[in-house]
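Residue numbering restarts at 1 for every chain, and letters A, B, ... go by the order of the sequence lines.
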There are 2 protein chains.
Amino acid sequence: MTEETTGLRELKKQRTRQTLSETAIALFLERGFDQVSVAEVAAAAEVSKPTLFRYFPAKEDLVLDRIADHQGEAARVVRGRAPGESPLAALRAHFHARLDARDPVTGLCDVPAVLAFRDMVYSTPSLQGRLMRYAAEDERALAEALAETGADEAAARLAAAQIIAVHHVLARDNWQRLASGPVTAAVLDAAHAGAELAYELLGAGLAARGL
Amino acid sequence: MTEETTGLRELKKQRTRQTLSETAIALFLERGFDQVSVAEVAAAAEVSKPTLFRYFPAKEDLVLDRIADHQGEAARVVRGRAPGESPLAALRAHFHARLDARDPVTGLCDVPAVLAFRDMVYSTPSLQGRLMRYAAEDERALAEALAETGADEAAARLAAAQIIAVHHVLARDNWQRLASGPVTAAVLDAAHAGAELAYELLGAGLAARGL
DNA sequence: AAACTTTTGTTACTCGGTTGCATTTTACGT
DNA sequence: ACGTAAAATGCAACCGAGTAACAAAAGTTT
């Protein structure tokens with residue numbers, strides 16, 4: 001899946017990249033995103049500052065790299081849906097499944113490290129901003145996938161925007177639920193109920209347009 | 001409507017604020033947001049750099065101040081709707097009305113200055129980011145207003161997210177329509193049709209929840 | 001091993017944004 | 001009208017993110 005041009009150099013690059021991201025996140029979690037300078041991160045990772053920026057175009061990307069693998073997930077789900085299944089049904093089923101798996105993207109993951117990570121992201125405006133821009137790309141990709149199903153292109157864009165927006169609300173709700181304590185059966189039920197409500201709201205209108 | 005503590009000082013402050021914003025936008029439109037430094041703006045407005053930042057917390061706010069009056073418009077529309085009218089119906093009617101008025105917020109305004117302004121915003125990532133954060137506040141306010149109607153709070157948050165997201169798509173679509181030329185009858189019709197489609201998609205699901 | 005390419009480090013820079021303090025300007029009591 | 005407190009400004013110096021230029025040190029290829 002990933003590029004594999006030449007052996008040794010590429011390996012070292014991957015390693016430096018990972019080291020940078022990991023030491024950065026560790027420092028950020030320890031003392032706060034804004035309280036740690038990139039110079040410190042570079043020093044801790046034993047790399048010069050320009051090198052750091054060759055790997056990550058901005059400080060925020062040191063953090064969000066970890067999330068980047070989920071890029072375009074919604075679009076993939078739509079494209080990989082079972083024959084005969086509507087895009088929305090596929091997305092709903094997928095979301096419920098991720099919920100059961102306590103996938104961090106759903107917000108429903110009480111592993112301390114993940115929780116601390118989310119706290120940091122939600123409490124740091126610049127990280128939120130960057131995250132929204134990732135979301136915009138997600139939305140664009142989803143709109144494309146929906147349009148491929150033969151739906152009206154305008155409708156596809158509108159639907160994609162609604163779906164992505166709703167997912168964020170759900171994730172945030174779930175994250176808030178975890179403020180009170182760990183994932184219990186009741187919390188899981190509430191999360192599923194929230195998702196059902198969301199897809200119910202989405203569904204009625206979108207179903208009429210074949211989505 | 002605005003604060004009016006003491007007469008003369010406040011007036012001068014308002015004037016400096018406006019001068020700053022106007023000279024900034026003029027310079028930005030002329031040479032691009034990233035190609036003009038805040039020091040230049042401050043100099044052009046005959047003000048020191050710290051003073052500039054006392055008025056505007058960030059460079060982006062020099063631009064977006066102009067848009068800030070629309071903050072919370074959706075929430076206001078919901079709160080000010082006619083008795084018996086559903087929130088969604090009020091929002092739909094309002095949007096169509098703004099469309100007919102060629103309100104810049106709908107994207108359907110071909111006044112050259114407005115057009116250039118939007119081009120700048122859409123082509124400058126940092127401005128987009130700031131704009132999204134304004135939108136988040138809009139969304140929060142709308143959710144609050146919807147919850148006041150007695151709807152389920154979770155549903156209100158979900159609906160608000162959908163509505164705000166959809167509005168942005170509509171505005172972007174309209175802006176793209178204007179890339180080809182001025183607002184003709186056909187363009188206006190298309191914009192109205194787009195809005196109708198959007199509210200149709202929203203409506204089915206939301207109506208069932210009393211929104 | 002030599003020649004070539006890619007990556008890195010060093011230094012120095014620009015720019016957005018802040019801080020501390022002295023200076024001016026406005027408001028207000030007498 | 002005058003003097004004083006409060007607020008706003010300017011100045012200078014500073015911090016941190018991000019970049020440019022160039023030299024040094026890899027890794028790759030023959």
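Under the 30°/60° scheme for interplanar angles, the aromatic rings of B/F95 and B/Y199 are found to be tilted.
If you take CD of A/E46 and C1' of D/dA25, they are 17 Å apart, rounded to a whole angstrom. Distance CZ (B/R17) to P (D/dT9): 12 Å, rounded to an integer number of Å. We find that CD of A/E10 is positioned 12 Å from P of C/dT6, with the value rounded to whole Å. As a whole-Å value, the separation of A/L52 CG from D/dG16 P is 15 Å. Atom-to-atom, CD of B/Q35 to P of C/dG16 comes out at 11 Å; the value is rounded to the nearest Å. B/D34 places its CG atom 11 Å from the P atom of D/dT19, with the value rounded to the nearest Å. For B/R54 and C/dG17, the CZ to P distance is 15 Å, given to the nearest whole Å. For the pair B/F56 CZ and C/dT18 P, the interatomic distance rounds to 14 Å; values are reported in whole Å.
With hydrogens and angles left out, the side-chain atoms of B/T16 and B/T19 include no donor and acceptor closer than 3.5 Å. Between B/H70 and B/D138, the side chains place no donor N or O within less than 3.5 Å of an acceptor N or O (distance only, hydrogens not considered).
Distances from the side chain of B/Y55 to the nucleotides D/dT9, D/dG10, D/dA17 place D/dT9 closest. With C/dT6, C/dG9, C/dG16 as the choices, the nucleotide that has an atom nearest any side-chain atom of A/S48 turns out to be C/dG9. Checking C/dT26, D/dG18, C/dG16 against every side-chain atom of B/F53, the shortest atom distance belongs to C/dG16. Considering only side-chain atoms of B/T51, the nucleotide from D/dT9, C/dG16, C/dT10 that sits closest is D/dT9. In the set D/dA8, C/dT8, D/dA12, the nucleotide with an atom closest to the side chain of B/K13 is D/dA8. In the set D/dT19, C/dG16, C/dT7, the nucleotide with an atom closest to the side chain of A/K49 is D/dT19.
When side chains are defined from C-beta on, A/D103 does not count as touching A/L108, because their heavy atoms never get closer than 4.5 Å.
Looking at which nucleotide of DNA chain D each of A/P50 and A/K12 is closest to, the 5′-most match is held by A/P50.
Using a 4.0 Å heavy-atom criterion, one finds that A/V36 contacts the sugar-phosphate atoms exclusively.
Between A/V63 and A/I25, the closest heavy-atom pair is O-CD1, 4.0 Å.
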